[in-house]
Amino acid sequence: MQISWQIVRLQLKETFSISYGSYSFREALIVSLSNYGKIGFGECTAIDYYGINLSDFTKKLAEIQSQIEKQSIKHPSEFYAFLESLQLHSFLRSALDCAYWDLFGKLENKSFLAFNSIEIKQLPESSITISVAPIEEQLQKIAKSDWNKFKVKWNHYDEKALDLLLNCQKEIALDANGSFSISECQQLEENPSSAQFTYIEQPMKIGFSNYSHLNASKFANWMADEDCQEQTKLSDLKTHYKTINIKLVKTGGLTPALELIKEARANEFKIMIGCMTESTVGISAGAFLVPLVDYVDLDGANLIANDIAFGSAIEKGKVLLSEKVGLGISLK
């Protein structure tokens with residue numbers, strides 16, 4: 001097996017603003033694993049508020065290249081056990097795990113769905129993200145969009161603006177990115193109108209000292225994003241969050257995400273499959289988990305102007321899974 005990698009710049013269609021800052025591009029690490037003329041692809045992006053520096057990852061890949069290339073083709077679960085032994089960051093481990101699933105399926109001429117006995121009973125629609133802006137601008141974007149579901153980024157608490165969102169006659173979720181206070185969250189969860197939001201994601205800054213004040217039995221559908229990392233015990237979240245956001249780079253890839261979904265269902269959580277701002281490489285990997293979840297936020301490739309790959313697609317919210325083997329990914 002051979003490995004190669006490259007860093008690409010993904011230019012955003014417009015400046016994207018969240019409570020952590022504003023961005024006009026994202027850099028992504030594309031990992032390729034090949035054998036017998038077949039190539040599998042994986043991706044992770046540079047996220048400053050997660051402390052992700054892609055140059056650190058490329059140095060690490062150079063260090064472990066020979067170890068990876070010595071691996072024989074085996075089931076992805078065995079390859080993942082090898083990856084865990086390398087003690088890699090979850091973002092890099094995810095890129096390698098997804099690339100391997102793509103390669104393994106292409107070599108075996110079998111899709112990810114078939115390998116994991118995933119039936120397509122229904123595919124919930126994805127939301128499109130509305131970045132931080134004055135409420136008037138956000139409402140204009142929502143009104144002009146041909147998508148049906150919206151995730152609105154927020155960087156402060158504004159009761160009047162929240163009321164305007166609730167009255168816009170669209171399916172709205174909120175993503176606070178940790179910008180609400182304890183008292184504001186308590187006010188929200190006591191308000192019956194909060195139940196009209198599909199979910200309210202990561203309301204406060206990360207950490208038990210904050211989310212311990214959330215009550216999952218109240219009106220708000222609190223969703224854990226940064227509070228749900230690969231080392232998080234779901235039992236710690238259960239009385240505070242109703243829903244978790246699974247992002248492959250946070251969990252370490254498709255292999256652990258499948259296990260996390262089983263654990264979340266056993267603990268009666270609702271589940272969303274989410275993404276970073278990433279190309280069709282990363283989106284295609286996450287898309288194959290859509291049949292297993294309740295909510296979808298896989299609009300990352302729709303936000304960039306220079307997508308680099310073909311694969312599964314999200315069109316006006318509709319999830320169009322690739323019918324090709326593996327993860328169905330190819331570069332343009």
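Basis for what follows: all heavy atoms, side chains included, without hydrogens, waters or symmetry-related copies.
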Check whether any side-chain heavy atom of F115 lies under 4.5 Å from a side-chain heavy atom of P76, and answer yes or no.
-> no
Could you list all the salt bridge (charged side-chain N to carboxylate O under 4.0 Å, His left out) pairs where at least one residue sits in residues 106-123, not counting sequence neighbours?
-> D102-K106
Evaluate the side-chain proximity of L29 to L92: yes if any heavy-atom separation is below 4.5 Å, no if none is.
-> yes
Please determine if K238 forms a cation-pi arrangement with F269, meaning its NZ or CZ atom is less than 6.0 Å from the six-membered ring centre and no more than 45° off the ring axis.
-> no
Which residues pass the salt bridge (charged side-chain N to carboxylate O under 4.0 Å, His left out) test with K262, sequence neighbours left out?
-> E259
Could you tell me which non-hydrogen atom of A46 sits nearest to which non-hydrogen atom of L54, and how far apart they are?
-> CB-CG, 3.8 Å
Are L260 and E230 side-chain neighbours, meaning at least one heavy-atom pair lies under 4.5 Å?
-> no
Going from CE on M204 to CD on E226, what distance comes out if it is rounded to the nearest 0.5 angstrom?
-> 13.0 Å
Which pairs count as salt bridge (charged side-chain N to carboxylate O under 4.0 Å, His left out) when at least one residue sits in residues 177-196, sequence neighbours excluded?
-> E190-K218
Ion pair present between E278 and K247, side-chain N to carboxylate O less than 4.0 angstrom?
-> no
Does a donor on one side chain and an acceptor on the other come within less than 3.5 Å for N155 and S179?
-> no
T129 and D299: side-chain donor and acceptor closer than 3.5 Å?
-> yes
Tell me yes or no: between the side chains of N148 and E171, is some donor less than 3.5 Å from an acceptor?
-> no
